[in-house]
Amino acid sequence: MSLRLPRVDRILDHPALASSPALRSIQKRYVNDALADLRRRALVGELSEAPEAEAIARAVARRLAEVMTPRPRALINATGVLLHTNLGRAPLSREAVAAMTAAAGTCELEFEVESGRRGSRLTWLRPLLAALLGAEDVHVVNNGAAALLLACTAVGRPGGVALSRGQMVEIGDGFRVAEMAAAGGAALWEIGSTNRTHVADYAAALAGELPGQSGPVAAILWVHLSNFSQAGFVHQPELAELAALGRARGVPLLADLGSGSLGGIPGEEPTVQEYLSQGADLVTCSGDKLLGGPQAGILAGSAALVGRCRRHPLARALRPDKTTAAALHATALAYARGQADTLPLRRMIGWSEDQLRARAEALAVRLGWPPGQVRASVATVGGGSLPGDTMASVALAVPTRDPSATAAALRQVGVVGRVHAGELLLDLRTVAPEEDEALIAAVRDV
Ligand SMILES: *Cc1c(COP(=O)(O)O)cnc(C)c1O
């Protein structure tokens, strides 16, 4: 059935839309979309009567107000997941934010202040990161996936890379390490089986003996099992064994660490230094997961391989912008000064249970809650770390009869909690003490 819908002009001229700050051309696009949606709904029988121009104008004004709000909005992470992938991963330090602000204007991104000549990008970042990670050289790209893609593309051709079926990790949102590694055109040779892969499987790939191979692989790829573990009848060679094999055949060993740690993060996460000292030639990792800095990808390893990556045409497409480079430098500085404990992510990890409990009790009193609303909780590292990487924590249980509805209302005022065992929990490990006032205001609001 077709409806007689109001004309576009009539909707656009309605006072409900007149106050919208959006350009007329944008308003028109939204009105047209709204009308198309009404026609579609009429066609499938969901709508029998045409709405008034005013109703459509109001709906469009609401939608426009939504898209014209500055985004992303800041939120308080009370989920207890430290590196929350959906909430912006690592919160940046004040110094990192200041560095980003300074870089936002005109800055020495590719300029030598001394000579006044063109300089190369990141010369002020590379030596510091290289020293910190114990690598000959370092290259920086815009995220961990980009680092993996660049390494496999620049180093993994022409023969492709060999990857154990036991390390074919999916990191989230449907993205698979094996597919990202091959996305630049390097062939990916799957070796071994899901549960067991042997040195001999790698040796066969290095000798060009796999079915379909026309020559040896150009690199071995090792992927850290960051978000799952295997148990039972399993075998995977040690990284050092593969390094020895690769060295004997002149084939480099690439290791994708993903998250890893610089020490200080609980669990058994390996570090870039460990991977390099065990013989990896090039280690790729995520700058924010590893350092608690901005989203970035880091390639650390031999000068020759890092150089190949830096000169590859893809490097230009994957390079980080000036604000990322600035925040990464400020974050690396905190480590270099031995002050990494002041970084927001490391501070979250550092609170003792007693400190968290004292804060929780004080907050509950200030909120005027009945006694007994403080709970023992479990925080997780998140960001694709091992499922077992958890820490004891303390949470406030919001007194409410409908935890899901209250959780939704709290989200509207900028606080994301966690519903667990029929209670709405606000985990304090992931809330900075500076956010306590805002947390109280939001809870009172609801
Ligand atoms: C997270 C992760 C990546 C990707 O890093 P991003 O910075 O998210 O692009 C790659 N490999 C592993 C093993 C990871 O855990």
Side-chain angles (χ1 to χ4, degrees), residues 81-92 96 129 133 138-156 161 163-184 186 188 219-230 236 239 253-262 265-272 274-275 280 282-301 309 314-315 317-321 323-325 327-328 331-332 345 380-389:
V81 181
L82 275 72
L83 269 172
H84 201 301
T85 321
N86 307 134
L87 299 181
R89 302 225 295 220
L92 299 180
L129 277 179
L133 299 175
V138 162
H139 182 60
V140 179
V141 288
N142 50 33
N143 56 38
L148 175 71
L149 169 68
L150 181 57
C152 291
T153 311
V155 181
V161 296
L163 174 64
S164 161
R165 291 190 174 90
Q167 295 181 343
M168 299 186 66
V169 181
E170 179 171 306
I171 56 172
D173 206 16
F175 285 99
R176 294 170 173 165
V177 163
E179 290 169 2
M180 295 187 299
L188 194 110
I220 298 171
L221 174 61
W222 169 282
V223 177
H224 173 51
L225 304 188
S226 50
N227 54 4
F228 78 106
S229 52
Q230 280 193 329
Q236 184 70 51
L239 194 68
L253 172 60
L254 314 178
D256 180 30
L257 182 56
S259 41
S261 92
L262 260 189
I265 297 194
E268 299 286 308
E269 290 296 289
T271 64
V272 173
E274 278 163 22
Y275 269 19
L282 188 61
V283 179
T284 58
C285 64
S286 223
D288 54 345
K289 287 194 231 165
L290 177 82
L291 299 172
Q295 178 145 47
I298 297 173
L299 300 101
C309 294
L314 260 186
L318 302 177
R319 69 184 186 173
D321 84 312
T323 55
T324 299
L328 191 56
T331 308
L345 183 70
T380 55
V381 176
S385 54
L386 275 175
D389 282 352

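Only heavy atoms go into these numbers, but all of them, side chains included; no hydrogens, no water, no symmetry mates. Note that ligands are numbered from 1 as they come in the structure, with each ligand's atoms numbered from 1 the same way.
For the side chain to side chain contact (heavy atoms under 4.5 Å, CB included) with His224, the lone residue among Leu257, Val283, Leu239 that qualifies is Leu257.
Heavy atoms of Leu148 stay at 4.0 angstrom or farther from ligand 1. The shell of residues lying under 4.0 angstrom from ligand 1, judged by heavy atoms, includes Ile171.
In Arg89, the part holding a heavy atom less than 4.0 Å from any atom of ligand 1 is the side chain. Residue contacts with ligand 1 for Met180 are absent, since no atom lies close enough (heavy atoms, distance under 4.0 Å).
Between Gly144 and ligand 1, at least one pair of N/O atoms sits closer than 3.5 Å. Every N/O-N/O distance between Gly258 and ligand 1 stays at or above 3.5 Å. The shortest N or O to N or O distance between Lys289 and ligand 1 is below 3.5 Å.
Residue-ligand proximity, Asp256 to ligand 1, at heavy-atom distances under 4.0 Å covers atoms 10 (C), 11 (N), 12 (C), 13 (C). Each of the following atoms of ligand 1 lies closer than 4.0 Å to a heavy atom of Gln295: 7 (O). Interface of Ala145 with ligand 1, defined as ligand atoms under 4.0 Å from a residue heavy atom, comprises 4 (C), 5 (O), 6 (P), 9 (O).
By the 4.5 Å heavy-atom criterion applied to side chains, Met180 and Leu149 are not counted as neighbours. Inter-residue side-chain proximity for Leu225 and Gln236 is flagged as unmet; no heavy-atom pair is nearer than 4.5 Å. Contact of the Leu291 side chain with the Leu328 side chain is registered, since non-hydrogen atoms from C-beta on lie closer than 4.5 Å. Taking the side chain as every heavy atom from C-beta outward, Asn86 and Val81 never approach each other to under 4.5 Å. The closest side-chain heavy-atom distance from Lys289 to Arg89 is below 4.5 Å.
Remark: the backbone N or O of Phe175 is not paired with any side-chain donor or acceptor of Asp173 at under 3.5 angstrom.
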